[in-house]
Enquirer: 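Starting off with a structure, shown below.
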Amino acid sequence: MTRLEELISRAGSIAVLGHTNPDGDCVGSCLALYNYIKEQDPARDVTVYLEKGPQKLSFLKNFDAICSQVPREASPDLCVCLDCSAKDMLKDFEPILDSARYSVCVDHHVTNPGYAAENIICPKASSACEVLYGLLDAEKISRDVAECLYTGIVTDSGVFKYDNTSARTMEIAGKLMEKGIEFGRIIDESFYHKTYLQTQIMGRALMESVSFLDGRAIFSVVRKKDMEFYGVVKSDLDGIVEQLRLVDGVEVSIFLSESAPGEFKASLRAKNYVDVSRIAKYFGGGGHRKAAGCTMHGSVHDVINNLSEHIERQIREYEESVHVRGSAECI
Ligand SMILES: [Mn+2]
């Protein structure tokens, strides 16, 4: 029996929590644990409390059993927090953790301070689902549980593409495939799936994109009035910046969405050597080397000019370093 199984077996009542605005890893890990417990003992008192997750994940077993209502009173014997990097990210469900008799946090965020009584945090793991897999008995993982875990891994690794994907990630994905899951369908539904309106607005953003810095950078913008016209919200614009990044010859892609008059949320992506987190940080934002974001003010022209200066500098630095290395090798 693993440590997590031991804690679960001793608890009369269990609450499973995740982070606000839940994504595929959050919903996947919560439902994986819920289904795992229920399959072994359907009478177990276990509840998943989460804000309403994206409807595209409704194919996961017991998606409808998720409780989105904040309970008036809940003091479970055990509270399990999954994929939640900070206590306040539990949002409205935070009191459940406070009133629980014991708690355990399973996560993969390097910034997690360890707010539960017991904390199992693996910053090298691709996803909370990858960490959770190691805490369950592989033999007892059913097809339904495997689908939940696979969904989380696919979501957080960008379909096994981001730098957080390791040999261990692939190994676990392989074990989950052996459970007979429909992996192609899971990847489509949890990652590539788009609504008609999302497809239309992406098409428009791609068509209106502008290439600059000799094709090494590209940007596009969606205005508030366009979002209103199409009836889309900010999350419907996910994936546009990634599509722009894939353009041949592009090193940096920028996507701007207007959040207020003269205010833009800027998403930045890099392909190889530019560190966009440095640029985002300079403008008060943050993120990772290859994916970052910040809020910018002014006209689109100003915003792109300001960002362009930083991108150009990094490209120049890189090209000079390659040039120097090249000539040194000649000698
Ligand atoms: Mn995650």
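We count ligands from 1, going down the list as the structure has it; atoms in each ligand are counted the same way. The first residue in the sequence is number 1, and the count goes up from there.
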Enquirer: Would you say K281 has more than 12 foreign heavy atoms packed within less than 6.0 Å of its NZ?
Expert: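 Not more than 12 within 6.0 Å, no.
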
Enquirer: If you link ILVMFWY side chains whenever their heavy atoms are less than 4.5 Å apart, which other residues fall into the same cluster as M89? By chain and number, please.
Expert: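 None, because no other hydrophobic side chain comes under 4.5 Å of this residue.
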
Enquirer: With sequence neighbours excluded, what pairs up with Y115 under the ring-ring contact (aromatic ring centres under 6.0 Å, His included) test?
Expert: none

Enquirer: Nearest 0.5 Å please: distance from the CD1 atom of I186 over to the SG atom of C148.
Expert: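 One gets 8.5 Å once the value is rounded to the nearest 0.5 Å.
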
Enquirer: Provide the full list of ring-ring contact (aromatic ring centres under 6.0 Å, His included) pairs with a residue in residues 255-280, sequence neighbours left out, each pair given once.
Expert: Y273-Y318

Enquirer: From the Mn ion (ligand 1), how many protein N/O/S atoms are found at a distance short of 2.8 Å?
Expert: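 Number of qualifying protein atoms: 4.
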
Enquirer: Return the NE2 to CZ distance between H288 and R269, rounded to the nearest 0.5 Å.
Expert: 9.0 Å

